[in-house]
Amino acid sequence: MTLILDRVSVRQRGEIWLDDIRLETGTGLTTLIGPLNSGKTTLMRVVAGLQPPDSGRVLVAGKDVTSISVRNRSIAFVYQRFINYPSLTIYENIASPLRLDGRFRGPAIDRRVREVAELMGLAGLLDRRPAELSGGQQQRTAIARALARPVDVLLLDEPLANLDFKLREQLRADLKARFADAPGVVLYSTADPAEALTFAAPTVVLGEGRVLETGDVAAMYARPPTLAVAATLSDPPLNLLPGVVREGRSAEGGVLLGIRPHQVTLAPRGPGAVELPAEIRLAEVTGSATFLHLLLRGERHLVAHLPGTWRFQPGEATRAYVDPAHVLVFDEGGDRLPLSGAEVDLHG
Amino acid sequence: MTRPDPRRRANRAWLLVLPVVVSVAFTAVIPLMTVVNFSVQDVFSPTDRVFVGLDWFYEAVRRPENREAFVRTLLFSAQVLLVEIPLGVAIAVAMPRRGVWVSVALVLVALPLLIPWNVVGTIWQIFARPDIGLGGWTVANLLGVDYNYTLDSTDAWITILVMDVWHWTPLVALLAYAGLRSIPQPYFQAAQIDGASAWATFRHIQLPRLRGVLTIAILLRFMDSFMIYTEPFVVTGGGPGNATTFLSILLSKMAVGQFDVGPAGAFSLIYFLVVQILCYVFFTALTRSGR
């Protein structure tokens with residue numbers, strides 16, 4: 001099974017929501033990652049047929065489906081909100097797409113419903129109605145509904161975003177296994193880099209309605225081609241500091257240094273570490289980690305992600321250390337330069 | 001410092017409730033007690049009255065014209081609900097969900113609701129006349145039906161029913177429309193993706209979401225139609241014969257026309273209780289079935 005988006009554009013009220021999207025995916029999971037308003041939902045709606053593109057084509061298994069109505073496409077869609085039929089039991093909710101499919105009859109429906117319910121941990125809840133379930137169970141039901149019927153394209157639009165932290169972790173691991181044996185294309189959108197990195201599937205980075213990069217997510221994380229890709233894949237957010245390239249290098253002029261918070265330490269890690277005198281502004285303790293907000297010279301802010309719980313006194317002077325080998329260097333246009341942090345001087 | 005006495009605070013709460021108690025007493029309790037007072041006495045003149053116990057109640061139940069009016073009103077309410085609820089929901093489903101036509105449709109649908117009861121009656125009294133009324137003339141002459149609501153009981157009944165449907169279906173439609181508007185779009189998209197038919201979408205997405213507003217619509221339409229007075233009073237005056245003499249028309253004839261305040265008092269108390277009980281039954285049935 002293949003899904004191809006051929007130069008798809010969507011404009012709404014004078015704004016460009018999708019700009020010349022070209023995308024090609026095969027059977028199995030593809031992750032779509034992007035910040036808020038990057039066009040993830042619009043792209044999914046176009047693939048589903050809920051939003052006609054202003055230009056471009058959508059091809060499923062080599063066939064142009066752009067003008068085919070939603071009803072006649074072989075798709076399933078899981079929303080960020082938990083969407084189930086309120087008056088039907090969990091059993092009937094999962095069975096409803098099968099009943100309308102035609103390929104399933106009588107005992108085959110029953111078998112499939114129980115199989116999927118087992119898979120999603122809903123076996124004991126089949127007689128309940130959606131309102132009687134917790135949020136996590138409701139979303140499991142919605143995912144089970146989508147998984148029940150074999151479809152060409154399964155779309156999941158930030159399905160875990162409305163769930164609480166623990167459920168999200170658990171479902172994330174479950175889902176990876178569930179998608180492994182999906183018969184069609186699975187397109188999974190998220191704004192959470194942890195989800196994309198956990199799935200370790202082919203990943204498409206979206207930004208402002210454009211495809212910024214496609215490829216292996218771990219490689220993209222290690223060597224982001226642009227600042228936008230680096231920022232999308234960094235949580236907690238990337239620290240950005242201005243710098244100047246030293247003379248005699250392959251590039252010159254002003255640059256931006258991207259430093260991931262966990263690369264900032266309070267003791268030098270290795271001999272080449274750069275020392276930055278700083279003042280402590282705030283320490284956020286999450287339990288397993290401490291986020292230390294530092295003020296550098298020239299009013300620059302830097303956040304350090306330190307494992308463990310630490311106590312700091314705001315206003316205290318300290319020294320932060322950064323290993324130049326882990327610094328990402330971007331030019332002013334946002335493209336990454338093939339330079340190491342050691343070839344750049346910090347501004348000020 | 002001593003803490004304020006909780007009992008004194010409770011007294012202050014009474015003080016705050018007092019305005020409500022006083023106004024409810026004057027608008028509801030005291031008038032109702034006057035009726036109770038009448039219902040157990042035979043009043044000859046303001047100074048000459050006899051306590052008769054429950055005699056008037058027995059008589060109210062026994063009188064054949066009371067029973068007939070009761071059955072007639074019940075039948076009318078049942079027909080009103082059977083027509084107005086499905087029709088109102090159908091209109092709501094058909095109304096546009098967005099765009100410029102929304103306000104046009106809302107105004108058109110709401111128009112009958114803005115007309116006072118007695119004006120509705122007057123409009124229909126003339127509209128349904130077979131000689132000069134547009135509606136009556138059309139039915140009688142163009143459709144060739146022998147129609148005259150002043151002479152024929154069935155014609156009179158149908159006229160009153162159609163008038164009520166015209167006047168009050170918009171209320172059901174507006175309530176249902178508000179209920180439909182509150183359903184998030186993804187539900188409809190999910191149904192589309194599943195390939196659900198329009199009927200299945202209505203049955204499993206729209207109807208369950210309408211339960212709350214339809215409970216209110218059914219209660220309002222029942223209470224109101226069971227107490228219908230002004231419009232039939234203006235159009236038919238309860239006739240021809242007793243064909244459209246509903247409970248409230250009968251009651252007002254008894255109390256104001258014949259000044260039988262004793263039987264009328266007893267009868268209105270029974271009437272009041274019946275409305276209460278039926279509303280309770282409706283409400284319980286409608287809210288229970290949702291669980």
Side-chain angles (χ1 to χ4, degrees), chain A residues 41 44-51 68-89 92-104 128-132 138-139 141-149 151-159 162, chain B residues 85-86 88-90 92-93 96-103 172 175-218 282-291:
Chain A
T41 301
M44 295 224 154
R45 287 168 52 82
V46 169
V47 174
L50 293 166
Q51 166 86 55
I68 293 178
S69 90
V70 192
R71 285 173 193 283
N72 301 322
R73 294 195 195 188
S74 175
I75 51 158
F77 204 131
V78 178
Y79 294 83
Q80 186 176 337
R81 311 175 56 147
F82 324 133
I83 303 291
N84 295 300
Y85 298 118
S87 64
L88 300 181
T89 59
E92 282 303 318
N93 260 289
I94 301 174
S96 62
L98 295 172
R99 292 196 199 287
L100 293 162
D101 186 283
R103 280 177 289 176
F104 292 85
R128 307 249 195 114
R129 281 171 211 281
E132 297 167 321
Q138 288 185 41
Q139 190 64 317
T141 307
I143 296 170
R145 267 163 46 75
L147 286 175
R149 186 169 68 122
V151 287
D152 294 348
V153 184
L154 170 56
L155 300 161
L156 299 104
D157 189 11
E158 300 193 53
N162 280 12
Chain B
I85 300 295
V89 172
V93 171
R97 217 59 58 75
R98 59 178 88 99
V100 282
W101 290 103
V102 170
S103 16
V172 180
L175 281 170
Y177 184 68
L180 290 176
R181 281 281 288 257
S182 73
I183 304 174
Q185 274 301 311
Y187 280 93
F188 295 106
Q189 293 165 4
Q192 265 192 320
I193 288 168
D194 283 351
S197 64
W199 170 250
T201 309
F202 172 73
R203 172 70 191 77
H204 295 301
I205 294 175
Q206 297 180 311
L207 201 56
R209 287 283 186 139
L210 285 181
R211 179 180 300 283
V213 286
L214 283 188
T215 304
I216 293 169
I218 289 172
F282 268 123
F283 184 75
T284 324
L286 287 165
T287 43
R288 281 259 173 86
S289 65
R291 303 243 171 85

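Each chain gets a letter, A, B and so on, in the order its sequence line appears, and its residues count up from 1.
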Seminar exercise, completed: Most contact-rich option vs chain A, by heavy-atom pairs under 4.5 angstrom, among B:Pro208, B:Ser197, B:Ala200, is B:Pro208

Problem set entry | Interchain contact, A:Leu88 with chain B, by part (heavy-atom threshold 4.5 Å) | side chain

Problem set entry | Residues that A:Arg81 engages under side chain to side chain donor-acceptor pair (under 3.5 Å), provided they are two or more places apart | none

Seminar exercise, completed: Cut-off 4.5 Å, heavy atoms of chain B, and the answer for A:Ala76 is backbone

Exercise. Is the closest side-chain heavy-atom distance between B:Leu180 and B:Val89 below 4.5 Å?
Worked result: no

For this session: Indicate yes or no for a side-chain donor-acceptor contact from A:Tyr85 to the backbone of B:Tyr187 under 3.5 Å, with no hydrogens or angles considered.
Result: no

For this session: Check each atom of B:Ala196 against the heavy atoms of chain A and say whether the ones under 4.5 Å are side chain, backbone, both or neither.
Result: both

Exercise. Which residues pass the ring pair (Phe, Tyr, Trp, His ring centres under 6.0 Å) test with A:Tyr79, sequence neighbours left out?
Worked result: A:Phe77

Exercise. At a heavy-atom separation under 4.5 Å, does A:Asn72 approach chain B through its side chain, its backbone, both, or neither?
Worked result: neither

For this session: Answer whether the closest heavy-atom distance between the side chains of A:Gln51 and A:Val46 falls below 4.5 Å.
Result: yes

Exercise. What part of A:Arg45 lies closer than 4.5 angstrom to a heavy atom of chain B: side chain, backbone, both or neither?
Worked result: side chain

